[in-house]
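Read the structure below first, then the notes.
Residue numbering restarts at 1 for every chain, and letters A, B, ... go by the order of the sequence lines.
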Protein chains: 2
Amino acid sequence: MALAEAILVCLTEQPMTGYELTKAFDSTVGFFWRTGHQQIYRELQRLKTEGAVDAREVVQNGKPNKLVYTLTPAGRDRLRQWSTIPTERPSARDDMLLKLYALDSVDKDALRQEILMRLDHHRARLDLYERIFGRRYAGKETTTRETGRLMGLKFGMMMERGLIAWCEEALGMLDQLDRTV
Amino acid sequence: MALAEAILVCLTEQPMTGYELTKAFDSTVGFFWRTGHQQIYRELQRLKTEGAVDAREVVQNGKPNKLVYTLTPAGRDRLRQWSTIPTERPSARDDMLLKLYALDSVDKDALRQEILMRLDHHRARLDLYERIFGRRYAGKETTTRETGRLMGLKFGMMMERGLIAWCEEALGMLDQLDRTV
DNA sequence: GTTGCATATGCACATTTGTGCATATAGGCT
DNA sequence: AGCCTATATGCACAAATGTGCATATGCAAC
């Protein structure tokens, strides 16, 4: 149920509707946490019955009415409490590693294509992260909040750089296999 | 349902029982895919009804009888077919990144402890991988099968090295925050 | 004028994964 | 005698997540 915490974390920023949360997820937390709007609405209802958030209906004309959710003190407590318990390391369940493990039972050309696609993706990601870094964090004094986000961003850059290097090496090894066999 | 493929991949090595698969998972695929024996037995049954594996009962005395599962030609086809479809990149749903994102709503000392624990873990892992590398792969001529596993191992080493560097930097940044605030 | 998009919320079903519990035998330890 | 461990398999329930479908309005584009 960590989606609950992801939502609470977003709501520390400001009160939001489910719709806005969906978009916020896309642009921020969504870098590492993808989900559809249905799950967010579902979770918001649960969080409300648990008292971690409050809902307030806002009547609009021209558009459907909306429900603005606010973090309650209980929600804040829950977040802080949650933060004291060590998180389980995420398991790296990557089918691609499975394919590598049984490389001789697998379509190697398809795998090469797949690695190429990943390489593209990771390069684009790294590029994006570096631009965000340059625009928002390079050489500025940092609040606690900003420092945390910078650490997250660096985490992302670290991952992408490693993955890029690995993809390049892996492609080389596949080529080498082709030449020797 | 990628657990199914994880099992099939293991069975390319040799026919095995659910019990042996459980142990095989611990020592090989388990580096990136943890699961309990119950799930393996459950999945084996499904794979059998789907015709991807065959079961053969072996009567033992002293121990309970066992069911040895063998990969069928249909199972081999299924593996190859699966390998041609690009795998979705695994989403990096790490609660720790969430904690970083809301660093000012979070218990920073607990987070520091958590990062320290991770650092320990990643160092131990890297050490283990490097020893496996030295023992099994360093400077040997490589079959297709071994090359694939080497690529997987390098993937692991890449990740651990990146994570170690990140943890060290992150701890430094947390200390810096403590000193300035 | 109708097609498509942005706004806005949600139900219901299915799949995947996790976990507690159950069972059975043999051998070794205390 | 009682308890733990290794071997060996599995059910049943719960939680988390994914996905197809449903609804309603207004505005812009074609």
Nucleotide [N], atom [atom2] - distance to [atom1] of [X] in whole Å:
X: B:Y41; N: D:dA12; atom1: OH; atom2: C1'; result: 17 Å
X: B:Y19; N: D:dT5; atom1: OH; atom2: P; result: 13 Å
X: B:E88; N: D:dG18; atom1: CD; atom2: P; result: 9 Å
X: B:E43; N: C:dT17; atom1: CD; atom2: P; result: 8 Å
X: B:H37; N: C:dT23; atom1: NE2; atom2: P; result: 14 Å
X: B:I40; N: D:dT9; atom1: CD1; atom2: C1'; result: 12 Å
X: B:N65; N: D:dT7; atom1: CG; atom2: P; result: 16 Å
X: B:E57; N: C:dA24; atom1: CD; atom2: C1'; result: 14 Å

For the pair B:Q176 and B:R179, evaluate side chain to side chain donor-acceptor pair (under 3.5 Å) and give the outcome as yes or no after the intermediate values.
CA-CA 5 Å; B:Q176 189 61 36; B:R179 276 196 295 275; 3.1 Å; yes
To 10°, what angle do the rotation axes through the five end pairs on each side of the helix from C:dG1-D:dC30 to C:dT30-D:dA1 form?
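Helix axis angle between the two ends: 10°.
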Any donor-acceptor pair, under 3.5 Å, between the side chain of A:R42 and the base of D:dG18, if you only look at N and O atoms?
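Present.
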Residue whose nearest DNA chain C nucleotide is more 5′ - A:V68 or B:Q39
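Final value for this comparison: A:V68.
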5'-most by nearest nucleotide on DNA chain C - B:R46 or B:Q38
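Per heavy-atom nearest nucleotide, the more 5' residue is B:R46.
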Could you walk me through whether A:Y129 and A:F31 pass ring pair (Phe, Tyr, Trp, His ring centres under 6.0 Å), step by step?
CA-CA 10 Å; A:Y129 292 164; A:F31 285 127; 5.4 Å; yes
B:T144 to A:K108 - nearest heavy-atom pair and separation:
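For B:T144 versus A:K108, the nearest heavy atoms are CG2-NZ, 4.0 Å.
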When rounded to the nearest 0.5 angstrom, what distance separates CG in B:D175 from CE in B:M173?
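Taking CG in B:D175 and CE in B:M173, the distance rounds to 11.5 Å.
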Gap between atom OG1 of A:T17 and atom CD of A:E57 - 0.5 Å precision
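The distance works out to 12.0 Å.
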Does B:K66 or B:S91 map to a spot on DNA chain D nearer the 5' end, using the closest nucleotide for each?
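Taking each residue's closest nucleotide, the earlier one in sequence belongs to B:K66.
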For DNA chain D, whose closest nucleotide is more 5', that of B:R93 or that of A:K63?
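It is B:R93, whose closest nucleotide lies nearer the 5' terminus.
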Strictly below 4.0 Å: does B:T17 bring a side-chain N or O up to OP1 or OP2 of D:dT9?
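True: B:T17 side-chain N/O within range (under 4.0 Å) of D:dT9 OP1/OP2.
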N or O in side chain of A:Q60 less than 4.0 angstrom from C:dT7 OP1/OP2
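The answer is no; no side-chain N or O of A:Q60 sits under 4.0 Å from OP1 or OP2.
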Running the 4.5 Å side-chain criterion over Ile, Leu, Val, Met, Phe, Trp and Tyr, what cluster does B:Y41 land in, apart from itself?
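Direct or chained contacts put B:Y41 with B:Y19.
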Give the nucleotide from the list C:dC11, D:dT17, D:dC11 with an atom nearest to the side chain of B:Q45.
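Ranking C:dC11, D:dT17, D:dC11 by closest atom to the B:Q45 side chain puts D:dC11 first.
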Consider the side chain of B:P64, meaning its heavy atoms from C-beta on, and name the nucleotide among D:dG18, C:dT25, C:dT7 that approaches it most closely.
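The closest nucleotide is C:dT25.
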Does NZ or CZ of B:R149 lie under 6.0 Å from the centre of the six-membered ring of A:Y101, at an angle within 45° of the ring axis?
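Yes, B:R149 lies over the aromatic ring of A:Y101.
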